[in-house]
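What follows is a short report on a single structure.
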Amino acid sequence: MTSIYDTRILNLVIFSPLLMAALVLFLPRTEKAQIRAVTFVGMLFNLATCLWAWTRFVPRHPNEFQLEYRMRWIDDLGLSYHIGVDGLAMTLVLLTGVLGPLVVLASWTYVEERVKEFHLALLVLQTALIGAVCSLDVLLFYVFFEAMLIPMYLLIGVWGAEERQMAATKFFLYTLVGSLLMLVALLAAYFIAAPAGSRSFDYATLYNGLMSLNREVAACTAAGDCSNVSAGASALLRWGPLMFIAFSIAFAIKVPMFPVHTWLPDAHVQAPVAGSMILAGVMLKMGTFGFWRFAVPFFPVAARQYQVIISLLAVIGIVYGALMCLAQKDIKKLIAYSSVSHLGYCMLGMFAFTSEGATGSAYQMLNHGISTGALFLLFGFLYERRHARLMADYGGIARVMPVFTAFFLIVTFSSIAVPGTNGFVGEFLVLLGSFKSNLPMAFSVAATTGVILGAAYMLWMVQKVFFGTVTHQENLGLKDLNRREVLAVVPLLILIAVMGLRPQPFLDMLNPSTERFIARAQYASGKTDAATEDAKVRVRVRELPAKADVVAEAAPAAMPRLMPTGRILPAAALNLQNP
Amino acid sequence: MSPVTLALVATLAPAVAAVLLLVVSPLRHRGAPAAWLTLAATVTSLGAAIALLVARLGGAPDARATTSWIEQAGRPLAEVGVLIDGVSLVMLLIVCLVALCVQLFSVAYMHDEPPKAFGRYFALHALFLFSMNVVVVSPNLLQLFFGWELVGLSSYLLIGFYFARPSAAQAAVKAFWMTKLADMGFLFGLLVLFVSTGSFEWTSAPSAAVATWVTGLLFVAVVGKSAQFPLHVWLPDAMEGPTPVSALLHAATMVAAGVFLVVRADPLFALAPGTREVMLWVGSVTAVFAAGLALVQRDLKKVLAFSTCSQLGYMVAALGAGQAFAGFFHLGTHAFFKALLFLAAGSVIHAVHSNAIDDMGGLRKKLPLTTGAFVIGALSLAGVPGFAGFFSKDLVLSSLEGKASWVPWAMLLFAAFLTAFYMGRVVIKVFWGEPGARAEHAHEGNLAMTGPLVVLAVPSLASGVLGGWLATQTSAEYHLHLGLTPVLATVMSLAGLGAAVVVFGRGGKAPLTAVLERLDTFSLVDRAWAGGYRLGLLGVSALAGWVDRYLIDGLMNFAGWAALEGGTSARRLQTGLVRDYALMVVVGVLALVLIGVLR
């Protein structure tokens with residue numbers, strides 16, 4: 001049953017944290033407890049709206065994007081406020097929603113300075129994260145994508161450890177370089193995808209425009225003669241690979257993939273527990289999500305061209321990240337490098353371009369958010385007590401903090417993909433997908449060794465930190481987790497078990513997205529006939545409402561209505577049409 | 001109840017106990033309730049298994065039920081469920097019975113632990129039994145892998161039970177990691193099987209080449225789990241766990257999972273003669289090698305650990321000879337007598353508070369019941385005619401007749417001699433001879449300790465006669481035949497015992513002791529692994545760490561530095577002095593003119 005709320009829920013999901021931030025703004029800065037409580041309630045409310053959206057989402061619906069909302073914004077630029085979610089976006093939204101309250105709980109006593117600003121940053125960050133995932137307008141996505149940098153920069157730079165400013169700057173510059181490249185490519189796509197007069201940054205316009213051009217490019221490349229193609233196709237032929245690379249660099253930095261990962265260890269080590277949790281839990285997924293939603297579907301021909309290279313980088317990331325973990329003395333750095341390794345699986349699964357691989361990749365995104373988020377959360381509790389990050393500073397912790405140890409072990413098992421935990425499902429599907437794909441067998445074999453290395457470094461760390469006798473006097477007095485801390489971890493533990501034992505509900509959510517992703521990645525590769533393929537991959541969205549700002553309640557039309565003129569930036573100005 | 005329901009009850013009862021103990025912490029912290037709950041779950045499982053047996057004796061057919069676990073594109077990618085046939089039913093009975101005996105024994109053995117540790121111990125036992133039952137009833141290889149990894153996990157947690165002892169923590173990690181290393185073979189095998197046949201069933205018949213790959217990879221996992229040469233090094237270290245744990249996991253059931261896997265996947269292995277050839281040799285070498293090392297151990301549990309390696313070698317050799325039934329039969333009898341031996345050893349250790357054989361001696365009078373139990377187990381292990389071990393070992397040896405020009409057969413006969421010899425040594429040194437320093441105050445444990453010994457002594461003595469029945473249940477052929485092999489085997493075992501009496505009865509040493517001891521303390525295989533780990537893994541990772549820090553990050557930092565320096569240098573151009581700017585304008589114009597003229 002459709003309800004009139006369906007078109008509005010997402011707005012609430014995105015902006016409820018921002019509204020709460022407005023409320024926090026009016027609280028006196030000395031009332032720390034109040035600020036924390038209000039933020040916590042705000043995050044809970046946000047989670048409730050996420051859950052509401054989840055229940056309204058129909059997994060096997062013919063429409064790709066649901067809970068859509070579209071509003072005119074800047075007509076002259078072809079920019080509209082357009083949001084909506086598919087299965088993957090919906091699960092990522094829920095993940096963000098779940099982590100929100102936990103982050104506040106985790107920082108309850110961790111942050112004692114500038115409490116108000118801290119919680120404002122958290123709330124703004126939440127809005128930016130959810131907004132980016134929900135955006136169906138690429139420029140809007142870009143705005144949110146950039147917007148999340150600022151609060152995160154502050155979280156690391158203000159509330160971080162000793163070298164926080166170096167880490168924050170590094171993080172900011174790295175990401176900014178990438179996203180500027182993306183902006184250039186985005187503008188190029190804007191000009192190529194549609195003729196002057198019907199240009200738009202809307203996902204549907206861009207995708208559908210590029211889709212037919214991609215078909216032309218693929219056909220003419222196959223025929224070996226590309227002299228008589230349309231202007232758009234010839235532009236795509238020439239610039240497509242570069243545009244794909246620009247998008248890829250932007251997202252690869254965010255993932256992060258080898259060799260542009262070096263900001264991550266620094267950022268994680270210096271960030272406060274909240275920063276690490278959100279960074280690992282959600283923000284890194286913006287990279288993989290970007291590949292999934294934009295880079296690969298927009299440029300399938302180029303993506304297939306670079307498939308082996310990106311997969312190779314993913315495999316290197318898996319093994320290299322795991323080896324780096326073995327070389328660490330610092331626990332937070334170890335967890336950070338394990339992220340590089342785990343996200344390598346995500347990328348490998350995605351670029352296997354098989355349905356198992358893509359499903360595994362999507363599942364792995366969620367897994368990583370939960371397990372690594374939980375690892376950072378738990379380590380944050382230890383750090384708060386002891387203010388030491390080196391493994392040598394601990395030992396025998398199991399004796400003094402048994403509950404903490406039990407929790408940490410469960411999360412460790414999830415991280416090393418023991419069956420029965422969520423990690424197993426994701427890793428298994430990724431490996432299955434890469435085995436089935438056209439990638440060299442050696443890739444899958446190398447990726448599998450990552451599993452063993454994972455067991456090595458995690459168990460090694462657990463042994464050093466938790467087992468043996470207590471070697472430092474300071475550790476004898478450590479208190480086990482209190483009720484608030486247990487409350488912050490338990491939801492993640494439940495998710496680990498539920499997603500490990502009963503993955504199907506989540507997979508049902510993801511599968512339609514996976515199928516479309518594969519169809520788009522394989523677009524115009526000559527495996528299916530053009531008509532059915534076009535019908536399958538074409539993006540259908542809600543029409544832009546008529547001039548008066550009202551939301552169209554009607555079902556989405558078969559084709560988006562084309563945008564009015566793009567007067568400000570004539571194509572000739574950049575001359576991309578006829579290079 | 002239907003067989004499927006019963007099988008589910010048998011599998012899930014321990015899971016319920018484990019989850020309850022994990023979530024409801026007061027139960028665990030009090031200790032005793034945890035023991036009761038776990039025992040109740042085990043009794044339930046055993047009851048269900050017995051009910052299944054009764055139904056089967058009444059003519060119930062095999063039962064199989066699966067449900068989809070992961071779906072892909074509308075059809076099941078992976079299924080989970082239960083399969084009850086002769087093999088799984090017998091295995092289920094063995095596992096539940098031994099588990100019950102061991103848990104009961106543990107109640108007394110672990111009595112001195114603080115309540116929290118006591119509760120944790122039983123919670124882990126419940127987890128283990130669930131995992132093992134998942135392996136046993138699994139209808140396909142994927143679920144078997146699932147349980148396989150979970151038993152590895154329980155093993156890790158139970159070996160590391162005394163986590164405050166660094167050696168125990170080390171042993172736990174070593175065991176987990178080495179079996180996990182081998183498990184990659186399992187994972188690869190599954191993937192190869194699925195990609196080529198589209199299913200995880202052991203009945204799916206791939207081509208011969210694929211079958212060789214799949215079985216070869218599966219066998220790697222078997223080598224790890226069943227502690228075969230050269231991945232056996234974790235098993236002796238695993239003795240750091242409590243003795244009842246060694247009895248259940250590292251002797252009777254978990255380590256036998258590798259053999260169980262091969263028995264299960266027999267249709268696949270039948271397609272791969274190459275793999276079987278390898279198995280034959282690996283099994284034989286392990287049997288002899290481990291028996292040799294068992295001879296010189298000074299730690300009672302380590303003797304039994306190496307003995308387990310050796311006996312698993314027998315099973316693997318039989319499987320390699322293509323006689324899955326022989327391997328399975330030996331698995332069954334071995335589970336009983338080895339659990340008995342370990343529990344009896346536990347009783348001894350409990351009495352003298354030491355693992356060292358030298359601390360024992362002359363315990364026969366102080367611990368008569370334990371002595372009886374240990375001797376029954378030892379005679380069964382040695383393969384003395386009439387005891388259970390005789391029948392199954394004879395079958396294994398018969399299955400090797402004529403294989404690979406009789407060499408494995410001869411090796412295993414020699415191993416039979418060694419087995420009797422080292423068991424004779426242990427029995428004499430521990431129960432006869434001069435009382436050791438700590439043997440003075442030794443006394444027999446209570447009923448919870450002695451009861452399981454008595455219960456396990458019965459099948460150790462008599463389960464050999466069940467061979468014929470077992471064969472019909474697993475639709476294999478079995479007939480006791482009199483020929484060269486059983487006679488020779490009998491001679492070997494009696495000779496081994498006799499030699500032990502002659503040599504050790506007078507406090508002598510075995511020939512070659514010095515060499516073997518050197519071999520044992522030097523532990524070449526262990527060192528090779530440790531060296532490989534240190535050099536290969538830590539070395540490479542240290543190198544990678546250097547590359548990351550100085551090369552990759554250095555490059556990125558250099559880019560940042562270059563931009564900064566470039567900016568600083570470029571800033572010097574902006575001096576703010578008009579004459580400088582005028583100079584630049586002039587230079588610029590001149591340059592343009594020059595370019596124009598020269599072109």
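Residue numbers begin at 1 in each chain, while the letters A, B, ... track the order of the sequences.
Heavy-atom pairs under 4.5 Å with chain B were tallied for A:Leu501, A:Val490, A:Val177, A:Asp266; the largest tally goes to A:Leu501. Contact count versus chain B (heavy atoms, under 4.5 Å) is highest, among A:Ser355, A:Ala406, A:Gly396, for A:Ser355. Of the listed residues (A:Leu507, A:Asn511, A:Val445), the one with the most heavy-atom contacts under 4.5 Å to chain B is A:Val445. When the candidates A:Met441, A:Arg502, A:His261 are compared by the number of heavy-atom contacts under 4.5 Å with chain B, A:His261 comes out ahead. Per-residue heavy-atom pair counts under 4.5 Å with chain A were compared for B:Leu538, B:Leu537, B:Val540, and the maximum is reached by B:Leu537. Among the candidates B:Ala78, B:Gly560, B:Gly160, B:Ala169, the residue making the largest number of heavy-atom pairs closer than 4.5 Å to chain A is B:Ala169.
For chain A, no part of B:Leu551 is nearby; none of its heavy atoms comes within less than 4.5 Å. Residue B:Phe194 touches chain A through its side chain alone, counting heavy-atom pairs closer than 4.5 Å. For chain B, the nearby part of A:Thr359 is the side chain; its heavy atoms alone come within less than 4.5 Å. Heavy atoms of A:Glu356 lying under 4.5 Å from chain B belong to its backbone as well as its side chain. In this structure, chain A has no heavy atom under 4.5 Å from any part of B:Arg120. Contacts between A:Lys333 and chain B at a heavy-atom distance below 4.5 Å involve the side chain alone, from C-beta outward. Interface residue A:Leu409: only side-chain heavy atoms are found under 4.5 Å from chain B. Residue A:Val425 touches chain B through its side chain alone, counting heavy-atom pairs closer than 4.5 Å. If you measure heavy-atom distances from A:Leu431 to chain B, the contacts under 4.5 Å come from both the backbone and the side chain. Only the backbone of B:Ala542 comes within less than 4.5 Å of a heavy atom of chain A; no side-chain atom from C-beta onward does.
The shortest non-hydrogen separation linking B:Phe176 to A:Ala455 is CE2-CB, 4.4 Å. A pairwise comparison of heavy atoms in B:Ala544 and A:Met324 identifies O-SD, 3.3 Å as the closest pair. The shortest heavy-atom contact between B:Trp177 and A:Ile452 is NE1-O, 3.2 Å. Closest approach of B:Leu150 to A:Pro419, counting heavy atoms only: CD2-O, 3.3 Å. Scanning both residues, B:Ile70 and A:Pro503, for their nearest heavy atoms gives CG1-CG, 4.0 Å. Residues B:Gly545 and A:Ala327 come closest through the heavy atom pair CA-CB, 4.4 Å.
At most 12 non-hydrogen atoms from other residues, nucleotides or ligands lie less than 6.0 angstrom from CH2 of B:Trp213. Around the CZ atom of A:Arg60, the shell of radius 6.0 Å holds more than 12 heavy atoms that belong to other residues, nucleotides or ligands. At most 12 non-hydrogen atoms from other residues, nucleotides or ligands lie less than 6.0 angstrom from CD of B:Gln170. Surrounding CZ of A:Arg399 are at most 12 heavy atoms belonging to other residues, nucleotides or ligands under 6.0 Å away.
To the nearest 0.5 Å, atom CD of residue B:Gln72 and atom CG of residue A:Leu432 are 8.5 Å apart. The CG atom of B:Leu190 sits 5.5 Å away from atom CZ of A:Phe428, with the distance rounded to the nearest 0.5 Å. Of the inter-residue distances, the one linking B:Leu22 atom CG with A:Ile410 atom CD1 reads 5.0 Å to the nearest 0.5 angstrom. Separating the CE atom in B:Met556 from the CG atom in A:Leu173 is a distance of 12.5 Å, to the nearest 0.5 Å. Once rounded to the nearest 0.5 Å, the distance linking CG of B:Leu543 with CG of A:Leu323 reads 9.5 Å.
For the pair A:Tyr337/B:Asp548, a side-chain contact is recorded, criterion being any heavy-atom separation below 4.5 Å from C-beta on. At least one side-chain heavy atom of A:Phe435 sits under 4.5 Å from a side-chain heavy atom of B:Val192. When side chains are defined from C-beta on, A:Val451 counts as touching B:Lys180, because their heavy atoms get closer than 4.5 Å.
Between B:Tyr156 and A:Phe467, the two ring planes are tilted [angle within 30° to 60°]. Relative orientation of the B:Phe145 and A:Phe424 rings is tilted, given thresholds of 30° and 60° on the angle between their planes.
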- Task: Report the C-alpha distance between A:Phe413 and B:Leu157 in whole Å, list the side-chain angles of each, state the deciding distance to 0.1 Å, and finish with yes or no for side-chain contact (heavy atoms from CB on, under 4.5 Å).
- Result: CA-CA 12 Å; A:Phe413 297 143; B:Leu157 293 168; 4.2 Å; yes

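A distance-only check finds a donor-acceptor pair linking the side chain of A:Gln504 to the backbone of B:Glu71 [under 3.5 Å].
Using a 4.5 Å heavy-atom cut-off against chain A, the contacting residues of residues 181-189 of chain B are B:Leu181, B:Met184, B:Leu187, B:Phe188.
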